[in-house]
Each structure stands twice: as C-alpha cells, then as structure tokens.
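The structure appears right after this line, and notes come after that.
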Amino acid sequence: MLGPVILAASRSDRMRRFISAAPGTKQVVDRFIAGENVDHVLPVVTASVEKGLELTLDVVGEDITTPAEAAAARDAYLELVGRLKDLGFGTKAEMSVKLSMFGQALEGGHELALANVRPVVEAAAAIGTTVTLDAEDHTTLDSMFAIHEELRKDFPQTGCVIQAYLFRTEDDARRLAAAGSRVRIVKGAYKEPASVAYQDKAEIDKAYVRIMKILMEGDGYPMIGSHDPRLVAIAQELGRQAGRKLDEYEFQMLYGIRSDEHVRLAAEGHRMRVYTAYGTDWYGYFMRRLAEKPANLLFFARSVLTKG
C-alpha cells in the first residue's frame, strides 16, 4: 500500500526538499493549489461562483513552530476575509482552517489556537460567511471539538470535520448531528494506527455510509466530502430517504479533482462546494492528495519523468 508510505513522507524534511526541487512538481502542485497568495485565488473564487459553485478556502500551512508564525497564519486568514468582503459572496465563499496553523501543537496550544481562530470566525460572521474547523490526526481531535463547541456559543454556524476511518467517529456524528450544526464527513487523510482507525478501504467505506446515515437522519446540516461516485449516489439516496431537500445538505470536493462532477452536481440543483487551497506552504496538503488516490501519484510521476 503506497498511501501509508506517502503519508509518512509528508512528515519528512528530506522528502520535502526532494519533492520541492523535482522538475515536474510545480505542474502537479498547480493542479491542486489555486495560487500562492490571495490575489491569485480571488479570480478562482469569482469564476467558480459564476459557474454555480460554492467554495471553502484553505490557506495551506501546518508546520507552525512559534507563536509568531501562528499569529501570521491568523493574519493571513483575516486578510482573506477582508478581500472576500469586497466580493460580497456571503456563504458562497467560506473558510476552512487547521488549528495546527493557529498554534495548537505549541505549549499552551489549545488556548493559543482558540485565541487565534476566534477573530477569524468573528470576522467571517461579520461579512455573512463562516468557518469550518478541519480535522487533523486523532491526537488533536478532543482539542478541536472543544474549540468548536466554544466557538459555537457565539457563532453557531461554525462547522467541523469528522473522519470515517476513525472508530470514534460514529459516536461523534451522533453527538454533532443536532439542529444548527454543520458537519463535513471525509474518509480521512492522515496515517493512523490500527488501534484507532480502520485500515481496510472496504471497512472505511462501510463506516462512511453509516455515518452519512446518522448525519442525514439528524437535525444538522451534512456536508459530504467525497469524490467517490458510489458514495455520492448513496448520499443522494440517503438524503431522499431522510426527506431532505437538495439545499439541506451539500457535496464538497477538492479543487482540481473531478471538476466536471462539480459542475454536474451544481446543475442538478445540489449545493456543491469546492475545497480550494492556496499558499506557498503546500507540501503537507499536496502529499495527502497523492496518498488519497493512486492516479494522482501516477500523474505526478509522469510529470517528473517528462520534465527530468
């Protein structure tokens, strides 16, 4: 299985240097990363909204080692909010954040991450949009959920992410599927041990369906993060069975992957949100995209060989 090997490489500084220097890397990175800065990404936002799509924007970067870097990450999101305000797209362009960017792994990280993310959530609410807290590895989740609960006291529209491959997630889904909640379900893209997570793809898919059913039958707002046509079809059927209208849940897919499917689902009347990442610290995000799908890795290998 190449996926675990790639995920391990995502934590290697040596591999970071090698991949970053490879001749074909930029071509592949450009497929998944919408640009290096906010000026690059805003035209993507506008073009996507004009196609009937919605977006969630992620300023990539996870290797935060100082409080100053965490504050810089906060400021990058505040700059994004300011620029989105001028576009006036409201909830058509929301934001996704990783609490590791806001200092979660540093000393006193829980309080630091909460202090840094709160002004971003507040600023987003002021322009009519919101923020979703991304899930990271399992050791960070209790902190993430606690911050999510705290933020929802003042900003109940704040969303969070759950990961189907973790054993705990069905219980998390039951707790979160309450009125007013916004919950994105994904399969999971971190290297997790067998003690906490399913390792077999078929078992992960089964768990994903069980969790979707919990969310669809709950009182919250499900956000289905998958490119798998079979899971998309199952989500549509579960939505029908639960009596949900098409605007009472949404699909989310990654920028650069199955773009034709984004447009097709939007044309059918579904809310279709594209997870759009930008920034210069792209390595960890990029490696998880390679690990998720062998075709992405093959595309990268061909690009390197062609440019070499």
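Since we're looking at a predicted model, the values are computed, not measured. Positions are given from 1 along the sequence.
For the pair R175 and F145, the cation-pi test (distance below 6.0 Å, angle within 45°) is passed.
Put simply, the side chain of E250 never gets that close to the backbone of R273: no donor and acceptor are under 3.5 Å apart.
Note on E217 versus K213: salt bridge recorded, some NZ/NE/NH1/NH2 to OD/OE distance being below 4.0 Å.
By the 4.5 Å heavy-atom criterion applied to side chains, L84 and L42 are counted as neighbours. Looking at heavy atoms from C-beta onward, R152 lies out of side-chain contact with C160 at the 4.5 angstrom threshold. Between L254 and F32 there is no side-chain heavy-atom pair separated by less than 4.5 Å. Contact annotation: the side chain of D260 approaches that of R258 to within less than 4.5 Å [non-hydrogen atoms, C-beta and beyond]. Annotation: side chain of I147 is in contact with side chain of H110 (closest heavy-atom distance under 4.5 Å).
For the 3.5 Å distance criterion, the side chains of Y165 and D200 fail to qualify, holding no donor opposite an acceptor. A donor-acceptor pair shorter than 3.5 Å can be found between the side chains of Q104 and S143. At a cut-off of 3.5 Å, with distance as the only test, a side-chain donor of T139 or D137 sits close to an acceptor on the other residue. If you check the side chains of T56 and E94, you find a donor sitting under 3.5 Å from an acceptor.
A side-chain contact (heavy atoms from CB on, under 4.5 Å) with V232 holds for exactly one of H270, M253, H227; it is M253. Considering I162, L215, V161 as possible partners of R184, the one that fulfils the side-chain contact (heavy atoms from CB on, under 4.5 Å) test is V161.
In K187, the NZ atom is crowded: over 12 heavy atoms of neighbouring residues, nucleotides or ligands sit closer than 6.0 Å. Summarising the local packing, CD of E107 is surrounded by 12 or fewer heavy atoms from other residues, nucleotides or ligands at distances under 6.0 Å. In the displayed structure, E149 atom CD is contacted under 6.0 Å by at most 12 heavy atoms of other residues, nucleotides or ligands.
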- Task: Applying side-chain contact (heavy atoms from CB on, under 4.5 Å), run through T158 and H148 and close with a yes or a no.
- Result: CA-CA 7 Å; T158 306; H148 175 247; 4.1 Å; yes
- Evaluate the criterion side-chain contact (heavy atoms from CB on, under 4.5 Å) for residue pair D58 and T276; output intermediate values, then yes/no. CA-CA 6 Å; D58 173 16; T276 305; over 6 Å; no
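Here CG of D134 is found 8.5 Å from CG of L99. Values are rounded to the nearest 0.5 Å.
Residue I204 is not grouped with residue V186 when hydrophobic side chains (ILVMFWY) are merged at heavy-atom distances under 4.5 angstrom, including chains of intermediate members.
Annotation: Y249 is in aromatic contact with F251 [ring centroid separation under 6.0 Å].
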